[in-house]
Peer 1: 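Take this structure first; my questions come after.
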Amino acid sequence: MCSPSASLLVNPLNSNQHIHGELSVCQLATNSNLQDPASRFHRDMLRVLDSRQNMSPADHASSLPIERKKRPNLLTSDIDGVERVVSMLEHMVEIGVATEESFQIALEGLSNRGRLRWRRASDSAVVCAADEVEPLLKKLWDDKNGTVSTKTCNFALKAYAACSTPRGDRMYAQKAEAVVVKMQETGIDITSETLAHLVHAWAWQQENRDSGECVKRAQHYFDEMMKLSPDEDTVFRGYELLLEAWSKCSSSSAAESSERIFSKMKQLRGVNVGAQQYSNAILALAKQNGEENAEKANSLLLQMIDEYEASGYGESTRPELIAINGVIAAWSRCRRIDKSEEVLWLASDLGKTCEDIYPDVVTFNGVLHAYIRHRDRSKSLDKMIKIIDYMEANSKEHPVMKPDGFTYNTLLKAWVQSNRKDAVEEAEKVLFRMQEASGILPTSRHYNVVINALAKCRNPDAHKAYNLLRQLQALDSYTPDIITYTSVIECCSKSSDPHAAEIGLELFEEANDLYRGTGDKGIMPNLFSYTVTIRALSTNPTPENVRIARDLLEKLVATYAETLDDSLCPTTYPFNYVINCAANCVGSHDEKLRAFKIAAKTYNEIRSSEIIQPDSFTYAFWFKCCNNLLPEGDIRTKGLTFAFEQCKRSGLVSSEALRRLLAGTPSKLATSLLGIPFNTSPLVYRQYTLEDFPPGWSRNVRKDSN
DNA sequence: GTAGGGTTAG
């Protein structure tokens, strides 16, 4: 295979001067030296890009922060020809004619894609510009021993900045920073554009929320950029990005910093600061918690509207809906329904002079959120139903207010927490209505709200939950996840249905098989899934189910040991439930003894473990085991006596433990255990409560498990 | 720009 290095060193065109944003790509092509083997390719590459310029993806997603509100689309075709150009570059590299200019053409094209995503032809992985830029820059860097131009690096940085995202774990800001560090080490000029891209990348990076680490990095590179005396537009843009960074940070200084930056922007531009900057400042404030920030965002909104009116309704001062929606959300978060609605009326008013201001689905979702947080749940449910009826009724005429998945999720939650008798049935109706009224297919989240509501009932209908799950599976657009499965199994664990144990186990195994087949973490059984399955098995405590419960526990422990996955880290719960399952075992004398052995093994594991400790439930279930599974006699006496000593010493004698200890215990044994004369005839022992015994016995019993 | 699915018991 040919090495491209030789040709890269030639670099016949001083390419840095040839790629200029202002120049049309066609001009560039004609300027190229046609004698050069690379220039024929360059001309073709530029022609590909140029011929599709009308279909530029810039309309789909720009790298401007304010336009990030649009989720990045997944391209279905090579809309601007960049993928073609990249494969042309790969071909040039292969035949050894690629120059730095070749790389620049591809990098620039990629960076112009902004944050769009597409499927890579070679492996159909979903990628974005930043993913594709990385290997290209590395290749060029290695081939040229780091003698790469600033311009080339800046194209790559632009792609990292545009693709940087608060979601996921892509860490493009770190990657961009690594490029700049290498530039510094190699002596490549750092321009204000270089630093502006870094500010941009950090401003959009995730995990900014708590520590504010990313906003610090953004501020740092902004300060560095200022040392290079950039032009006013770059400074202003830098402020915009800092505002963006603060808006995603929950640090206590965020509101203050946002205000400071906004006033600097006003200093720069005066009243011409523009509606977009108002929106940014409002959103930054609106994202912070606390009424005072909602109030500040609200007053900025009023200022913005004032300036719109003062300017005679000028285009650049026209308020944006996004700012109004932000303020509504801020008031909703502090349960200020009155204020949320006030802003809603304001928006309706504004709509008279400003036709693009019309309450949309986000506006209403914000108001709905205020209601769902309100204390009077029944009253707010009625109000929410009215609002959603209104949205549905008007969505033909005003498609922007058509309810979406958020809307119905909020409604489902409202029904579920309404405490009304028919809550679950009504929630189920919503699942159907959302499809009919708004054409929105319920997702696993919607179903999970309802299934979980079923699981929280006193005597849940396991079959109904099971059917809902199957219904969700029948929709090919969505698959149930582990929360769906676990919630249905939880229904089984609380159900009196004779098949509940069987269904619970079937579902657990199904989820586990799905996980093993797909490796999809979303369907991976976790500690809670194991625990409720074991609990479901004790609704039908056959000797076989006791054994299966124990097997599940062992599988949990082994899987945790193997993966060290936090979501599988065992607690006392599943151990206790295995003991309880054994304690309930119905069967022959021998079968009961086998169940007892399983319980004893489990009980001893809890006591000797370094991670988990016995609790009052452990002892209560253990006493139940001794009394239910062992014949009266020495072994039972020993098991009870020894355990009760432990139980007292640990201060874990709950009233239930006491009851289980004495249920079925002969008076003589009870007397010796408790140290006071004791008659276990039911009529007598019920007169005793924990208060009749030393308080130390129950000093560690949690309140909720007295 | 919104909100956001389960953590248990006798």
Side-chain angles (χ1 to χ4, degrees), chain A residues 65-71 244 247-248 279-280 282-284 286-287 297 320-333 340 360-373 403-414 416 442-456 472 480-491 493-494 522 526-536 538 567 571-577 579-581 583-584 615-625 654-661 663 702 704-706:
Chain A
I66 200 69
E67 281 154 358
R68 296 260 183 153
K69 60 195 174 193
K70 290 176 193 156
R71 289 262 157 78
E244 197 71 55
S247 78
K248 284 195 279 299
S279 300
N280 258 345
I282 290 169
L283 289 173
K287 277 177 192 158
E320 294 179 296
L321 184 60
I322 184 175
I324 290 169
N325 289 348
V327 176
I328 289 181
W331 284 123
S332 297
R333 240 178 286 124
S340 294
D360 70 356
V361 56
V362 179
T363 320
F364 285 110
N365 285 351
V367 177
L368 288 171
H369 187 220
Y371 278 105
I372 205 166
R373 304 197 58 178
D404 63 4
F406 280 57
T407 318
Y408 291 107
N409 212 345
T410 314
L411 179 58
L412 286 167
K413 270 222 94 154
V416 161
T443 66
S444 59
R445 292 217 164 193
H446 296 107
Y447 275 87
N448 287 351
V449 172
V450 179
I451 293 177
N452 188 49
L454 280 173
K456 293 289 165 280
L472 178 51
D481 57 18
I482 194 59
I483 297 181
T484 327
Y485 274 93
T486 308
S487 297
V488 179
I489 302 171
E490 192 183 356
C491 287
S493 78
K494 292 174 153 187
N526 54 36
L527 169 69
F528 193 62
S529 325
Y530 278 90
T531 309
V532 289
T533 309
I534 294 172
R535 214 168 72 195
S538 50
S567 73
T571 62
T572 312
Y573 277 99
F575 286 84
N576 286 351
Y577 285 130
I579 300 177
N580 184 44
C581 186
N584 292 338
D615 57 22
S616 66
F617 286 87
T618 313
Y619 288 109
F621 291 146
W622 176 250
F623 298 146
K624 188 171 158 191
C625 264
S654 64
S655 50
E656 188 65 20
L658 195 63
R659 192 174 76 81
R660 288 296 179 186
L661 173 76
R702 287 198 315 266
D704 56 338
S705 57
N706 50 57

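Here is how names work: the chains are called A, B, and so on, in the same order as the sequence lines, proteins then strands, and each is numbered from 1.
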Peer 1: Taking only the side-chain heavy atoms of Asn452(A) (C-beta and beyond), determine which of dG10(B), dT8(B), dG6(B) contains the nearest atom.
Peer 2: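 Nucleotide nearest to Asn452(A)'s side chain: dG6(B).
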Peer 1: Quick one: label Thr571(A) by what it contacts on the DNA or RNA (base, sugar-phosphate, nothing), any heavy atom closer than 4.0 Å.
Peer 2: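 No contact.
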Peer 1: Could a donor-acceptor pair under 3.5 angstrom be found where the side chain of Arg445(A) meets the base of dG4(B)?
Peer 2: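 Answer yes: a donor N or O sits under 3.5 Å from an acceptor.
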Peer 1: What nucleic acid atoms does Thr486(A) come within less than 4.0 Å of, heavy atoms only: base, sugar-phosphate, or nothing?
Peer 2: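 Since a base atom lies under 4.0 Å of Thr486(A), the category is base.
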Peer 1: So does Thr484(A) reach the base of dG6(B) with its side chain, donor to acceptor, closer than 3.5 Å?
Peer 2: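 Between dG6(B) and Thr484(A), which were checked side chain against base, a qualifying N/O pair under 3.5 Å is absent.
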Peer 1: Looking at dG10(B), dT2(B), dG6(B), which one has an atom nearest to any side-chain atom of Phe528(A)?
Peer 2: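 Given the options dG10(B), dT2(B), dG6(B), the side chain of Phe528(A) is closest to dG6(B).
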Peer 1: Among residues at least two apart in sequence or on other chains, which ones pass side-chain contact (heavy atoms from CB on, under 4.5 Å) with Arg333(A)?
Peer 2: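 Per chain and number, Arg333(A) pairs via side-chain contact (heavy atoms from CB on, under 4.5 Å) with Asn289(A), Ala329(A), His369(A), Arg373(A).
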Peer 1: Give a yes/no on whether any side-chain N or O of Arg659(A) is located under 4.0 angstrom from OP1 or OP2 of dG10(B).
Peer 2: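 No, Arg659(A) has no side-chain N/O under 4.0 Å of OP1/OP2 on dG10(B).
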Peer 1: Using the side-chain heavy atoms of Ser654(A), tell me which of these nucleotides is nearest: dT2(B), dG6(B), dG10(B).
Peer 2: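 Closest of the options to the side chain of Ser654(A): dG10(B).
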Peer 1: Has Lys624(A) got a side-chain N or O lying under 4.0 Å from the OP1 or OP2 atom of dA9(B)?
Peer 2: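 False: Lys624(A) side-chain N/O out of range (4.0 Å or more) of dA9(B) OP1/OP2.
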Peer 1: With the side chain counted from C-beta on, respond yes when Asn448(A) and Asn452(A) share a heavy-atom pair under 4.5 Å apart, and no when they do not.
Peer 2: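 No; the side chains remain at least 4.5 Å from each other.
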Peer 1: Hey, does Arg660(A) reach any base, or is it just sugar-phosphate, or nothing, if we go heavy atoms under 4.0 Å?
Peer 2: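 It contacts sugar-phosphate atoms only.
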Peer 1: When Ser487(A) is tested against each of Val450(A), Leu454(A), Ile451(A), Val532(A) for side chain to side chain contact (heavy atoms under 4.5 Å, CB included), which residue passes?
Peer 2: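 Exactly one pass, corresponding to Ile451(A).
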Peer 1: Side chain of Lys456(A) only, heavy atoms from C-beta on: which candidate in dT7(B), dT2(B), dG10(B) is closest?
Peer 2: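 Side chain of Lys456(A) sits closest to dT7(B).
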Peer 1: Are Pro403(A) and Tyr408(A) packed together at the side-chain level, in the sense that at least one heavy-atom pair is separated by less than 4.5 angstrom?
Peer 2: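 Yes, their side chains come closer than 4.5 Å.
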Peer 1: Under 4.0 Å, counting only non-hydrogen atoms across every strand here, what does Asn526(A) touch: a base, just sugar-phosphate, or nothing?
Peer 2: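 Contact class for Asn526(A): base.
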Peer 1: May I ask you to say what Tyr577(A) touches in the nucleic acid, namely base, sugar-phosphate or nothing, with a heavy-atom cut-off under 4.0 Å?
Peer 2: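 Result for Tyr577(A) = base.
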Peer 1: Counting only side-chain heavy atoms from C-beta out, which of dG6(B), dT2(B), dA9(B) sits nearest to Ser529(A)?
Peer 2: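 Closest of the options to the side chain of Ser529(A): dG6(B).
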Peer 1: By nearest atom, which of the nucleotides dG10(B), dG6(B), dT2(B) is closest to the Asn365(A) side chain?
Peer 2: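 Nearest listed nucleotide: dT2(B).
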Peer 1: Return the set of residues passing side-chain contact (heavy atoms from CB on, under 4.5 Å) with Leu527(A) (not counting sequence neighbours), or none when no residue passes.
Peer 2: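 Result, side-chain contact (heavy atoms from CB on, under 4.5 Å) vs Leu527(A): Thr531(A), Leu556(A), Thr571(A), Pro574(A).
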Peer 1: Just call it for Arg333(A): base, sugar-phosphate, or nothing, with non-hydrogen atoms closer than 4.0 Å on any strand.
Peer 2: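 Counting heavy atoms under 4.0 Å across all strands, the contact made by Arg333(A) is with sugar-phosphate only.
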Peer 1: Within the structure shown, what part of the strands sits under 4.0 Å from Ala657(A) by heavy-atom distance: base, sugar-phosphate, or nothing?
Peer 2: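 If one applies the 4.0 Å heavy-atom cut-off, Ala657(A) turns out to touch a base.
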Peer 1: Is the ring centre of Tyr573(A) under 5.5 Å from the base ring centre of dT7(B), and are the two planes under 30° apart, so that they stack?
Peer 2: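 Check failed, Tyr573(A) does not stack on base of dT7(B).
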Peer 1: Quickly work out the Asn576(A) CG to dT7(B) P distance and round it to whole Å.
Peer 2: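 Nearest whole value for this atom pair: 19 Å.
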